[in-house]
Amino acid sequence: MDSVTRLGVVGCGLMGSGIAEVAARNGLDVRVAEATHDAAETGRRRLTASLDRGVERGKLTEEQRDHTLARLTFTHDLGDLADRQFIVEAVAENREVKTEVIRALDKAVEDPFAILATNTSSIPVVDLAVATQRPGQVIGMHFFNPVPVQRLVELIPALTTSADTERRTRDFAEQLGKRTVRAPDRAGFVVNGLLIPYLLSAVRMVESGGARPEDIDQGMELGCAHPMGPLRLIDLIGLDTAQAIAESMHEEFKEPLYAPPALLRRMVTAGHLGRKSGRGFYMYGDR
Ligand code: 3HC
């Protein structure tokens, strides 16, 4: 297989829609699958709104937006992905759901050489690989939020992943204009392995009354030139997602630094999930 021309994306939430947008902007024929017709429509609206924002900001012309949209199709039937050469699954970070999706894709996709990539941030890639009849062609492909902006993709070959799959996946990431790093198939991979304990430390600093969120964030933005401080960032990622990643890292390594602090758990229980719910460490009126 040379470059990928027919991509499938499963899940059109924050990550899936970003991946589909980047691929369509790079000229690929992209078919997006969501669980229901309504979810597919919501995904289409999210993606269209993102392209419209691009036009408003002068990033792309109206013509480029229209061509991008013309390269995207939406479905709520995984069977419609049968002719895809490469599929990225980006459904909810839930082991049962992801396993079911990857199994169904393995059956649906006709090309025996097609690659099934998972955008998981916390489930071992090997667990998903062995649920299929093609464990050599399953790999982790971890994108970063917002996908159209962040240049990195972590490549996570499982113990079962073939060298050819890894090479083709690296080529595909480059086709999308991304840079790659190779990460081990262990909880947190490379980036979250470093980022999550930092974010949890900032939550503990608020929890202990040590500093206010604004002061912590300004400290890191102005003192260390981070584009956003840790509490704005955890709001962007989603407190529930951060908690889930922290739990999987804590389960794997039993390292106390990875344990989600009580304040994070309470905020997730209260539905204060960050940007996506309108409230986290900050309030958001513009979601
Ligand atoms: N889609 C497309 N472009 C976007 C965008 C989006 N959703 N959001 C922002 N942009 C673009 C803007 O168009 C703008 O481009 P320009 O500078 O060329 O005009 C640029 O990004 C900056 O945007 P804004 O001026 O609106 O806002 P900021 O300057 O405050 O930047 C940010 C916003 C890009 C989110 C920046 O603050 C940032 O990079 N923050 C760090 C994000 C980060 O660390 N992400 C990784 C999270 S970890 C993860 O995802 C892994 C997971 O497993 C948890």
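Keep in mind it's a predicted model, so treat the numbers as computed, not measured.
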**Q** Between R46 (side chain) and C12 (backbone), is there a donor-acceptor pair under 3.5 Å?
**A**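 Yes, because the side chain of R46 sits within donor-acceptor range (under 3.5 Å) of the backbone of C12.
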**Q** According to a 4.5 Å side-chain heavy-atom criterion applied to Ile, Leu, Val, Met, Phe, Trp and Tyr, with indirect links allowed, do L176 and V32 form part of one hydrophobic cluster?
**A** yes
**Q** Side chains of V97 and E100: closer than 4.5 Å at any heavy-atom pair?
**A**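 Answer no - side chains too far apart.
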**Q** Using atom types as modelled and distance alone, determine if a side-chain donor or acceptor of E221 lies under 3.5 Å from a backbone N or O of M228.
**A**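 Not confirmed, E221 side chain does not pair with M228 backbone.
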**Q** Are I245 and L195 joined in one hydrophobic group, where the rule is that I, L, V, M, F, W and Y side chains link up if heavy atoms are under 4.5 Å apart?
**A**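 Per the 4.5 Å side-chain linkage, I245 and L195 are co-clustered.
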**Q** Please check if V125 and F172 belong to a single hydrophobic cluster, counting links between Ile, Leu, Val, Met, Phe, Trp and Tyr side chain heavy atoms closer than 4.5 Å.
**A** no
**Q** Does a salt bridge link E41 with R44, judged by any charged N lying under 4.0 Å from a carboxylate O?
**A**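 Looking at R44 together with E41, the answer is yes, because their closest N to O distance falls below 4.0 Å.
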**Q** Determine the minimum heavy-atom distance between L155 and E166, stating which atoms define it.
**A** CD1-O, 4.3 Å
**Q** Which distance, rounded to the nearest 0.5 Å, do you find between the CD of E62 and the NE2 of H67?
**A** 12.5 Å
**Q** For V138 and T160: C-alpha separation, side-chain torsions, deciding distance, then whether side chain to side chain contact (heavy atoms under 4.5 Å, CB included) applies.
**A** CA-CA 8 Å; V138 176; T160 49; 5.9 Å; no
**Q** I'd like to check M249 versus E255 (side-chain heavy atoms, cut-off strictly below 4.5 Å). Are they in contact?
**A** no
**Q** Heavy atoms only: give me the nearest A246-L200 pair and the separation to one decimal.
**A**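 That closest heavy-atom pairing would be CB-CD1, 3.9 Å.
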**Q** State whether D111 and R6 are salt-bridged, where the test is any N-O pair (Lys NZ or Arg NE/NH1/NH2 against Asp/Glu carboxylate O) under 4.0 Å.
**A** no
**Q** Measuring only between side-chain heavy atoms, which start at C-beta, is V181 closer than 4.5 Å to F189?
**A** no
**Q** Testing the 3.5 Å rule here: is there a donor-acceptor pair between the side chains of T5 and Q85?
**A** yes
**Q** For L78 and V101, which heavy atoms make the closest approach, and how far apart are they?
**A** CD1-O, 4.4 Å
**Q** May I ask you to establish whether R232 and Y282 are in a cation-pi arrangement, using a distance under 6.0 Å from NZ or CZ to the six-membered ring centre and at most 45° from the ring axis?
**A**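 Judged by the rule (NZ or CZ under 6.0 Å from the ring centre, within 45° of its axis), R232 counts as positioned above Y282.
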**Q** Apply salt bridge (Lys or Arg N to Asp or Glu O under 4.0 Å) to R31 and D80, showing your working.
**A** CA-CA 8 Å; R31 189 158 301 149; D80 288 339; 5.9 Å; no
**Q** For a 4.5 angstrom cut-off between non-hydrogen side-chain atoms, does D127 reach R95?
**A**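 When only atoms from C-beta onward are counted, R95 and D127 do touch, with a gap below 4.5 Å.
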**Q** Do D217 and F281 pass the side chain to side chain contact (heavy atoms under 4.5 Å, CB included) test, and can you show the C-alpha distance, the side-chain angles, and the key distance before you say yes or no?
**A** CA-CA 11 Å; D217 282 344; F281 285 93; over 6 Å; no
**Q** Quick one: are F86 and T169 in side-chain contact, heavy atoms under 4.5 Å?
**A** yes
**Q** Nearest heavy-atom pair of P148 and V22: which atoms, and what distance?
**A** CA-CG2, 3.7 Å
**Q** Counting N and O atoms only, with roles assigned by atom type, does the side chain of Q137 sit under 3.5 Å from a partner on the main chain of A114, one being a donor and the other an acceptor?
**A**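 At least one qualifying donor-acceptor pair exists.
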**Q** Report, as yes or no, whether the 6.0 Å neighbourhood of atom CE on M267 holds more than 12 heavy atoms from other residues, nucleotides or ligands.
**A** yes
**Q** Return the NZ to OG1 distance between K98 and T118, rounded to the nearest 0.5 Å.
**A**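 The NZ atom of K98 sits 4.5 Å away from the OG1 atom of T118.
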**Q** In plain terms, say whether D235 and K276 are close enough for a salt bridge, that is, a side-chain N and a carboxylate O under 4.0 Å apart.
**A**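 Looking at D235 and K276, the cut-off is not met.
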**Q** Check this for me: does any side-chain nitrogen of one of R168 and D171 sit under 4.0 Å from a carboxylate oxygen of the other?
**A** no
**Q** Check whether E154 reaches the backbone of A183 with its side chain - one donor and one acceptor, N or O, closer than 3.5 Å.
**A** no
**Q** In Å, rounded to the nearest 0.5 Å, how long is the span from CD of E247 to CG of L264?
**A** 8.5 Å
**Q** Take atom CG in L159; do more than 12 heavy atoms of anything else shown fall under 6.0 Å from it?
**A**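 Check fails, neighbour count at 12 or below.
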**Q** Can you name the one residue among I237, N192, L231 that meets side chain to side chain contact (heavy atoms under 4.5 Å, CB included) with L199?
**A**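 When I237, N192, L231 are each tested with L199, the side chain to side chain contact (heavy atoms under 4.5 Å, CB included) holds only for I237.
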**Q** Assess, by modelled atom type and distance only, whether the side chains of T120 and E93 contain a donor and an acceptor separated by less than 3.5 Å.
**A**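 There is such a pair between these side chains.
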**Q** Please check if the side chain of Q64 supplies one atom and the backbone of T61 the other of a donor-acceptor pair under 3.5 Å.
**A** yes
**Q** Is the backbone of V147 close enough, under 3.5 Å, to the side chain of K178 for a donor and an acceptor to pair up by distance?
**A**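 Looks like yes, one N/O pair under 3.5 Å.
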**Q** State the CG-CD1 distance between L105 and I87, to the nearest 0.5 angstrom.
**A**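 Result: 4.5 Å between the selected atoms.
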**Q** Give, for atom CZ of R71 and atom CG of D29, the distance between the pair rounded to the nearest 0.5 Å.
**A**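 Between atom CZ of R71 and atom CG of D29 there are 9.5 Å.
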**Q** Identify the two heavy atoms, one from S201 and one from L257, that lie closest to each other, and give their separation to 0.1 Å.
**A**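 Closest approach of S201 to L257, heavy atoms only: OG-CD2, 4.3 Å.
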**Q** Which heavy atom of R84 sits nearest a heavy atom of V109, and at what distance?
**A** O-CG1, 3.7 Å
**Q** Please round to the nearest 0.5 Å and tell me the distance separating atom CE of M141 and atom CD1 of I115.
**A**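 The CD1 atom of I115 is 9.0 Å from CE of M141, to the nearest 0.5 Å.
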**Q** Quick one: do V10 and I102 end up in the same hydrophobic cluster if we chain Ile, Leu, Val, Met, Phe, Trp and Tyr together by side-chain heavy atoms under 4.5 Å apart?
**A**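 Looking at the clustering, I102 is in the same group as V10.
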**Q** Does atom CD (E63) have a neighbourhood of more than 12 heavy atoms from anything else shown, all under 6.0 Å?
**A**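 Counting neighbours around CD of E63, 12 or fewer heavy atoms of other residues, nucleotides or ligands fall under 6.0 Å, so no.
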**Q** Is the shortest side-chain heavy-atom distance between T68 and L47 below 4.5 Å?
**A**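 No - every pair of side-chain heavy atoms lies 4.5 Å or more apart.
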**Q** Give a yes or no on this: more than 12 heavy atoms of other residues, nucleotides or ligands lie within 6.0 Å of atom CD of E252.
**A**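 Enclosed: over 12 neighbouring heavy atoms sit under 6.0 Å from CD of E252.
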**Q** Is the shortest side-chain N to carboxylate O distance from E174 to R179 below 4.0 Å?
**A**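 The answer is no: the pair does not qualify as a salt bridge.
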**Q** Measure the shortest side-chain to side-chain distance between M220 and Y198 over non-hydrogen atoms and say whether it is less than 4.5 angstrom.
**A**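 In contact.
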**Q** Check this for me: does any side-chain nitrogen of one of D106 and R103 sit under 4.0 Å from a carboxylate oxygen of the other?
**A**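 Looking at D106 and R103, the cut-off is not met.
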**Q** Do S122 and T241 have side-chain heavy atoms sitting under 4.5 Å apart?
**A**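 Sidechains of T241 and S122: no contact.
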**Q** For residues F144 and L14: do they belong to one hydrophobic cluster (side chain heavy atoms under 4.5 Å, members Ile, Leu, Val, Met, Phe, Trp, Tyr)?
**A** no
**Q** Is it true that E21 and R25 have a side-chain N and a carboxylate O under 4.0 angstrom from each other?
**A** yes
**Q** Verify side chain to side chain contact (heavy atoms under 4.5 Å, CB included) between T180 and L152, making sure each step is shown before the conclusion.
**A** CA-CA 6 Å; T180 59; L152 184 69; 5.8 Å; no
**Q** Spell out, as yes or no, whether a donor-acceptor pair under 3.5 Å connects the side chain of T161 to the backbone of P157.
**A**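 Checking the backbone N and O of P157 against the side chain of T161, no donor-acceptor pair under 3.5 Å is found.
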